[in-house]
Amino acid sequence: MGHCVLLTLAALFTVASTQFIPPYTEDCRAQMYPPNGPTFKGGVSWYTVDLDLPPSKRWSALITDKKTELVNMIQAIRDLANAFVPSGKLIDLVDITLPLMVDTLPSPFGEEIKGIAAVSGVPLGEVVLFNIFYEVFTVCTSIVAEDDKGNLFHGRNLDFGLFMGWDVKNKSWIISEKLKPLVVNLDFKKNNQTVFKSTNFAGYVGMLTGIKPHVFTLTMNERFSLDGGYIGILEWILGKRDGMWMSFLTRSVLENANSYEEAKIRLAQTKLLAPAYFILGGNQTGQGCIITRSRLLSLDILEIDLKLDRWYVLETNYDHWKEPLFLDDRRTPAKKCMNQTSQKNISLKTMYDVLSTKPVLNKVSHRSTFFFQLSSKSEKPASEFNRDDS
Ligand SMILES: *[C@@H]1O[C@H](CO)[C@@H](O)[C@H](O)[C@H]1NC(C)=O
Ligand SMILES: *[C@@H]1O[C@H](CO)[C@@H](O)[C@H](O)[C@H]1NC(C)=O
Ligand SMILES: *[C@@H]1O[C@H](CO)[C@@H](O)[C@H](O)[C@H]1NC(C)=O
Ligand SMILES: *[C@@H]1O[C@H](CO)[C@@H](O)[C@H](O)[C@H]1NC(C)=O
Ligand SMILES: *[C@@H]1O[C@H](CO)[C@@H](O)[C@H](O)[C@H]1NC(C)=O
């Protein structure tokens with residue numbers, strides 16, 4: 001396990017120092033919606049996850065469909081690991097040690113992961129690895145905005161697989177390429193009724209992006225910190241297990257919380273394994289916030305406040321009260337474009353323009369998942385699509 005941590009850190013360091021592409025800013029884009037052009041791959045397919053099934057069976061239909069893509073992605077992770085530690089020792093370690101961890105995961109996640117391994121034929125340890133480590137490599141922007149009629153919009157893009165092996169020939173992140181075909185829309189049902197919906201990667205049981213229809217929307221962004229993910233994960237492995245995995249918490253909140261306020265309290269107060277930003281939207285005016293989390297507690301909650309002229313909240317991967325890393329300032333351009341759009345003109349369409357403007361959608365990002373209008377007056381169906389910007 002220690003090797004995994006070192007490997008990923010080494011990968012990050014190597015790539016960041018040699019391949020990092022400095023961000024650049026362009027004018028705010030307009031008329032990007034609906035997405036089209038040569039790189040648009042069309043809508044993402046929907047799958048139902050039936051929560052009334054036993055956990056080990058819930059993902060069977062999806063994984064049966066996406067087996068080849070999942071195996072290809074796992075193979076790319078293996079290749080990457082073998083490039084760092086030739087001999088295959090690293091993956092051996094994963095195959096031996098991580099299956100021991102699966103029974104320590106809270107219910108129902110361990111059982112679901114076992115079910116995914118069984119259906120896909122991917123070794124259990126490697127499915128666990130995918131579920132616990134990949135969120136370390138996402139970079140995102142999330143926005144909740146309220147228009148002048150009280151409608152709320154929640155958008156996000158997700159740049160994933162960053163730093164996971166740079167393909168020199170076609171200038172892309174190898175893992176990112178392999179993750180793309182795994183993007184799916186999920187409809188989680190109980191008693192044949194939707195409980196919540198999400199856009200996710202097949203094989204991954206936590207949630208990064210979701211909507212509880214008519215109630216709230218939720219996205220999670222990674223928060224880098226010295227007291228970061230690795231410490232909590234290592235503690236978990238060593239037996240100190242009082243924190244919650246972040247994307248398991250988001251899923252549990254989507255499944256069980258019944259109001260914006262309840263979701264907010266659980267996201268702010270549950271002890272976590274790693275720091276995170278939770279971006280939450282509600283179903284009525286003023287309900288939009290960014291919860292900045294340390295592992296132990298909520299450090300700050302920034303809310304929409306129309307009296308202060310704060311009609312949107314926007315989070316990338318830096319604390320909102322601090323300057324972003326100068327190499328990676330996606331916040332200033334996004335705010336500039338939000339300000340330019342103005343509260344009167346914000347909509348699903350114009351928010352998509354903001355999320356499509358570089359460097360918000362930076363050079364290395366391959367897919368942008370855009371989400372949800374949720375308002376007190378009307379709720380349009382979740383509007384999701386993916387944009388391939390390579
Ligand atoms: C990049 O290269 C890999 C093989 O190295 C290939 O599978 C993939 O399709 C290529 N991607 C693009 C966008 O050309
Ligand atoms: C579930 O709901 C769908 C429509 O929402 C309906 O077509 C289907 O028959 C229902 N299935 C069961 C088992 O009730
Ligand atoms: C908003 O959510 C609350 C809590 O679930 C619910 O009571 C209320 O009816 C919802 N409002 C709308 C307009 O859906
Ligand atoms: C956007 O508008 C807000 C509120 O007026 C202001 O505080 C902020 O500096 C503006 N940001 C940019 C980048 O224009
Ligand atoms: C806002 O929308 C109106 C029309 O609805 C348009 O005339 C105006 O130029 C737009 N403003 C901006 C800043 O896009």
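Every number for a ligand or one of its atoms is a count from 1 in the order of the listing. Just so you know, these numbers use all the heavy atoms, side chains as well, and skip hydrogens, waters and symmetry mates.
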**Prompt:** Within 45° of the ring axis of W46 and under 6.0 Å from its six-membered ring centre, is that where the NZ or CZ of K197 lies?
**Reply:** yes
**Request:** Before signing off on this row, confirm whether N283 and ligand 3 have an N or O atom pair separated by under 3.5 Å.
**Result:** yes
**Message:** Give the atom numbers and elements of ligand 3 that come within less than 4.0 Å of a heavy atom of N258.
**Reply:** 4 (C), 5 (O)
**Prompt:** Mind checking whether F188 and F196 have parallel, tilted or perpendicular rings, split at 30° and 60°?
**Reply:** parallel
**Request:** Output yes when a protein non-hydrogen atom is found under 4.0 Å of atom 14 (O) of ligand 4, and no otherwise.
**Result:** yes
**Request:** Could you tell me the separation between the CZ atom of R251 and the CE atom of M207, rounded to the nearest 0.5 Å?
**Result:** 5.5 Å
**Prompt:** Could you give the distance from CD1 (I74) to CG (L129), rounded to the nearest 0.5 Å?
**Reply:** 7.0 Å
**Request:** Could you tell me which atoms of ligand 4, counted from 1 in the order shown, lie closer than 4.0 angstrom to a heavy atom of N339?
**Result:** 1 (C), 2 (O), 3 (C), 8 (C), 10 (C), 11 (N), 12 (C), 14 (O)
**Fill in**
among protein heavy atoms, the one nearest atom 3 (C) of ligand 2 is N192 ND2, 3.6 Å
**Prompt:** Is atom 10 (C) of ligand 4 in close reach of the protein, with a heavy atom under 4.0 Å away?
**Reply:** yes
**Asked** Would you call the rings of F248 and F109 parallel, tilted or perpendicular, where under 30° means parallel and over 60° means perpendicular?
**Response** parallel
**Closer than 4.0 Å: a protein non-hydrogen atom to atom 7 (O) of ligand 4** = no
**Prompt:** Hey, is D309 one of the residues with a heavy atom under 4.0 angstrom from ligand 4?
**Reply:** no
**Prompt:** Going by distance only, is there an N or O of S259 that falls short of 3.5 Å from an N or O of ligand 3?
**Reply:** no
**Sub-3.5 Å N/O-N/O distance, K336 and ligand 4** = no
**Item:** Approximate separation, where rounding is to 0.5 Å, of I346 CD1 and E146 CD
**Value:** 12.0 Å
**Item:** Separation between CZ of R310 and CD of Q343, rounded to the nearest 0.5 Å
**Value:** 13.0 Å
